[in-house]
*Asks:* 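Handing you this structure, nothing more for now.
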Amino acid sequence: MASSIYLCQEDNSLNSIESLCVLLEKLDVPLLPAEVARVNYRNGKAALCFIQHIANYFHEELVQKVKASLVCGWMMDESTSRSTEKSCIIYVRYVENNEAKTSYYGLLDLQGDGTAKNIVKNLSELWSKDGLKPQNSCWLATDNAPTFTGKHESVIAKLRSYLATDFLELNTCVAHSFALVGSQSAYIPKIQNGKQIFIQTDAVMKLESTISSIYDYFKHSSSRQYNLKSWQNFMDSPELKFKKLFDIRWSSIRDCIKPIFANIEPGCQSLLGLLKETVLDLQISKRNREQAKELFDSILDDEFLFSLHMHYDLHECILGPITKCTQSDHLSYLNLMEIIQEKRTILEGWTFQSLSDVGPALSDYIESTKNGIFGAFDISLGDRQKFLHNSHQHIHRLLQEIAKRFPPSVVQENLSVLFDPQHLFKHKNKININEYGRSALSFLRKKYKNVVGFDHSSVGNEWESLKVSIYDYVNNLPNNTPVNEFWKNFILLNIFLISPTNSAECEKGYSATNRIQTFGRCRLKILTLDVLMNVRMLLKDDLRRCQEVIDKSFESWNNIDYHRRCHQIQLLLDTPDDYEPAKQI
């Protein structure tokens, strides 16, 4: 069982268990004999059987924790696996020991049907199987897909109906929302055949086309990459490789822009130097010289360079730092809104009326190229008033998208007034005022009046008593009393603790499934993948914990009601005719 866990944790095939057992025997580790009563347990099917019992132990343990939590929240995302099977990954947020926890819950096999109806159907079947009907579910975190976020026929709407609750709130993933802010701001509306469509702006289209051309020029040529590296060493610039631009991942443009920017800036123009050398090299083919000349001209185009520097500022000063912050599990609602307001203020200052009203990199570019010289190369200046206008319009669309994607949340604001440490410390002198928090509490009492265990009538008295302790705590730091002791058994605070700002855990979960279901193991079924994920995601690196899990799982596997011998007998049918089990002496 320990060997099976090791293979699972290392994302290795369970079919490797026989060779692993042979290695352990060579190291004098005592093992069960290779054959016991003519049944062989050193094969992939036996290992999967072990893992299934271990996974069941973890899942049942998690279900009990969710049941014990006063409230819970859910995260989910839908994707297509390497075996082209549709699945939906589920994570659960709950409170344990007055602390919010996030754990992998399950992987649903959607059987090719990714509709909201089928997702809720499979999820409700999983809940029924676990003996769980989480009527105290307060949050659902997803990406911005209409399947999850629509008003009438979405997952959130159907879950509210299934759970018979109106207090289930939807939180769209902040990181995904910011990615949409960036991608959608590159499109403008246009009327075509009487219908409104959205098309990409010419400036962004040209920028992405040239970025892709640079990547395509180097991707399959080792000689070009070597020559570029030689130029980078000669210019004392970092050896950065150009990256592919992905249509589905708008944030990838930042990683594409950075190496290009580093290789064309005055003082380290390695890319331009290589292309110019190639154009003048008569010993190579005419086709190669033409390709280099075409790419050289497209890079030394004033509109491309203008757009490149503008987007470099946009990603390095605004969107890059925001995306990094929003992927944190500890980002509170108030932190998020402060970050958004800070970046919005910067964007509003980029009016593009003068050099001081643009980003730093673009300002330097405009100033240094006013005479038509960009480092060691001449460029022809374009219509910069047009470029400035297009950039200003892009920023304007960006601000509109931010306002659209991040509207204020009344629920989050009221929860923050009562429980967010940042807000409490900021207003610590007002906490002892009689009216502090009463309006927020009144709203939340109405919102969550149907939560099981929530006493609508006495919560006001509880808050007034709690407020005295909060006031003493925030005004007398340091204090040895943990903050979470104040929140013990206070349901509204539990709702605040489990409120998610993103669904990044789901993305991490799918990354884990891709590490398990490699192209060499693409025939893994979702049911098997779910078993492996339970062990992979729920077992922490704790040897004592691991031994406890093995002992409990062995009891289940060895239980007389399981009839394991009947299950394993069929394994003998799968062995080759010339199989000779190695017996331990």
Side-chain angles (χ1 to χ4, degrees), residues 182 203-246 249-281 284 288-321 358-382 387 391:
V204 174
M205 194 180 301
K206 187 172 186 177
L207 173 70
E208 294 187 355
S209 175
T210 305
I211 289 174
S212 298
S213 297
I214 293 172
Y215 171 78
D216 292 338
Y217 182 79
F218 289 96
K219 67 176 180 179
H220 293 312
S221 176
S222 58
S223 61
R224 290 173 179 175
Q225 293 182 28
Y226 176 79
N227 292 335
L228 176 64
K229 187 182 295 185
S230 300
W231 268 93
Q232 289 171 336
N233 292 333
F234 175 71
M235 302 292 292
D236 290 328
S237 58
E239 294 182 6
L240 300 175
K241 288 190 174 182
F242 303 115
K243 297 185 178 181
K244 186 176 181 179
L245 181 63
F246 290 91
R249 194 175 302 155
W250 178 84
S251 56
S252 68
I253 194 173
R254 182 193 183 198
D255 295 326
C256 297
I257 287 175
K258 288 176 70 175
I260 296 174
F261 186 85
N263 281 280
I264 66 171
E265 280 299 281
C268 53
Q269 296 180 305
S270 309
L271 175 58
L272 295 174
L274 169 64
L275 293 174
K276 188 66 175 179
E277 179 189 39
T278 306
V279 170
L280 299 176
D281 188 357
I284 63 175
N288 282 338
R289 294 200 303 273
E290 289 176 347
Q291 287 179 334
K293 179 68 166 59
E294 182 181 355
L295 184 58
F296 179 81
D297 291 341
S298 63
I299 294 175
L300 272 186
D301 178 80
D302 190 35
E303 183 177 6
F304 168 75
L305 291 173
F306 195 99
S307 182
L308 181 74
H309 284 77
M310 192 275 286
H311 280 270
Y312 180 84
D313 283 330
L314 188 58
H315 284 274
E316 295 304 311
C317 299
I318 308 295
L319 298 174
V358 300
L362 182 57
S363 177
D364 291 343
Y365 172 73
I366 295 173
E367 179 66 23
S368 63
T369 57
K370 58 185 178 183
N371 295 322
I373 298 175
F374 181 58
F377 301 92
D378 296 331
I379 61 171
S380 299
L381 301 184
F387 303 160
S391 298

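Quick note: residue numbers are just sequence positions, from 1.
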*Asks:* About how many Å separate CD of Glu239 and OG of Ser230, when rounded to the nearest 0.5 Å?
*Replies:*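 One finds 9.0 Å between OG of Ser230 and CD of Glu239.
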*Asks:* Less than 4.5 Å apart, any side-chain heavy atom of Pro360 and any of Cys317?
*Replies:*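 When only atoms from C-beta onward are counted, Cys317 and Pro360 do touch, with a gap below 4.5 Å.
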*Asks:* How many angstroms lie between NE2 in His309 and OG in Ser363, if you round to the nearest 0.5 Å?
*Replies:*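 Between His309 NE2 and Ser363 OG, I get 11.0 Å after rounding to 0.5 Å.
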*Asks:* Kindly determine whether Leu271 and Phe218 satisfy side-chain contact (heavy atoms from CB on, under 4.5 Å), including the steps that lead there.
*Replies:* CA-CA 11 Å; Leu271 175 58; Phe218 289 96; 3.6 Å; yes
*Asks:* Nearest 0.5 Å, please: how far is CG in Leu314 from CZ in Arg254?
*Replies:*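 Here the interatomic distance stands at 11.0 Å.
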*Asks:* If you compare all heavy atoms of Phe374 against all heavy atoms of Pro266, which two are closest, and at what distance to 0.1 Å?
*Replies:*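 In terms of heavy atoms, the two residues are closest at CE1-CD, 3.7 Å.
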*Asks:* What heavy-atom pair brings Asp302 and Gly382 nearest, and what distance separates the two atoms?
*Replies:*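 So the two residues come closest at OD2-N, 2.9 Å.
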*Asks:* Please determine which of Val279, Thr278, Leu280 meets the side chain to side chain contact (heavy atoms under 4.5 Å, CB included) test together with Lys293.
*Replies:*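 Checked Val279, Thr278, Leu280 against Lys293; only one passes side chain to side chain contact (heavy atoms under 4.5 Å, CB included): Val279.
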*Asks:* Atom NZ of residue position Lys241 - does it have more than 12 heavy atoms of other residues, nucleotides or ligands inside 6.0 Å?
*Replies:*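 Result for NZ/Lys241: open.
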*Asks:* Under the 3.5 angstrom rule, does the side chain of Asp255 hit a backbone N or O of Lys243 as a donor-acceptor pair?
*Replies:*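 Checked: no pair found.
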*Asks:* Check whether any side-chain heavy atom of Lys206 sits under 4.5 Å from a side-chain heavy atom of Asp301, and report yes or no.
*Replies:*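 Yes. Closest side-chain heavy atoms under 4.5 Å.
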*Asks:* Could you check whether any side-chain heavy atom of Gln232 comes within less than 4.5 Å of a side-chain heavy atom of Leu228, counting everything from C-beta outward?
*Replies:*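 When only atoms from C-beta onward are counted, Leu228 and Gln232 do touch, with a gap below 4.5 Å.
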*Asks:* May I have the step-by-step check of ring-ring contact (aromatic ring centres under 6.0 Å, His included) for Tyr217 and Phe242, ending in yes or no?
*Replies:* CA-CA 10 Å; Tyr217 182 79; Phe242 303 115; 9.5 Å; no
*Asks:* Give me the atom names and distance for the closest heavy-atom approach of Leu300 to Asp378.
*Replies:*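 Closest approach of Leu300 to Asp378: CD1-O, 4.0 Å.
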*Asks:* Any side-chain heavy atom of Ile373 within less than 4.5 Å of one from Ile379?
*Replies:*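 In short, these two side chains do not touch, never coming nearer than 4.5 Å.
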*Asks:* Between Glu303 and Phe387, is there a donor-acceptor pair closer than 3.5 Å when you use the side chain of the first and the backbone of the second?
*Replies:*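 Absent.
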*Asks:* Determine whether Asn288 and Arg224 make a side-chain contact, defined as any pair of heavy atoms from C-beta on separated by less than 4.5 Å.
*Replies:*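 A side-chain contact under 4.5 Å exists here.
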*Asks:* Is it true that a side-chain atom of Gln269 and a backbone atom of Ala376 form a donor plus acceptor pair closer than 3.5 Å?
*Replies:*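 Yes, Gln269 side chain to Ala376 backbone: donor-acceptor pair under 3.5 Å.
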*Asks:* How long is the span from the OG atom in Ser223 to the CD1 atom in Ile284, to the nearest 0.5 Å?
*Replies:*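 Reported to 0.5 Å precision, the distance equals 9.0 Å.
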*Asks:* Using atom types as modelled and distance alone, determine if a side-chain donor or acceptor of Ser212 lies under 3.5 Å from a backbone N or O of Glu208.
*Replies:*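 Side chain of Ser212 to backbone of Glu208, a donor-acceptor pair under 3.5 Å: yes, one is there.
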*Asks:* Taking all non-hydrogen atoms of both residues into account, name the closest pair between Leu308 and Ile264 and its distance.
*Replies:*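 Heavy atoms only, the tightest pair is CD2-CD1, 3.3 Å.
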*Asks:* Distance from Asn233 atom CG to Ser270 atom OG, nearest 0.5 Å?
*Replies:*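 Between atom CG of Asn233 and atom OG of Ser270 there are 8.5 Å.
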*Asks:* For Ile299 versus Leu305, what's the shortest heavy-atom pair and its separation?
*Replies:*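 Scanning both residues, the minimum pair turns out to be O-CG, 3.2 Å.
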*Asks:* If only atom types and distance count, is the side chain of Asn263 paired as donor or acceptor with the main-chain N or O of Pro259 below 3.5 Å?
*Replies:*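 The answer is yes, because a donor-acceptor pair under 3.5 Å joins these two groups.
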*Asks:* For Ala361, does its backbone N or O pair with a side-chain atom of Asp313 as donor and acceptor, under 3.5 Å?
*Replies:*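 Checked: pair present.
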*Asks:* Are any of the side-chain heavy atoms of Phe306 and Ile366 separated by less than 4.5 Å?
*Replies:*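 Of all side-chain heavy-atom pairs linking Ile366 with Phe306, at least one is under 4.5 Å.
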*Asks:* Ser307 side chain to Phe304 main-chain N or O, any donor-acceptor pair under 3.5 Å?
*Replies:*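 Here the side-chain-to-backbone pair does not exist.
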*Asks:* To the nearest 0.5 Å, what is the distance between SG on Cys256 and CG on Leu245?
*Replies:*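 Taking SG in Cys256 and CG in Leu245, the distance rounds to 4.5 Å.
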*Asks:* Evaluate the side-chain proximity of Glu316 to Lys258: yes if any heavy-atom separation is below 4.5 Å, no if none is.
*Replies:*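 In contact.
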*Asks:* Look at the side chain of Ser368 and the backbone N and O of Tyr365, then say whether any donor-acceptor pair between them is shorter than 3.5 Å.
*Replies:*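 Yes; judged by distance alone, with no hydrogens or angles, the pair exists.
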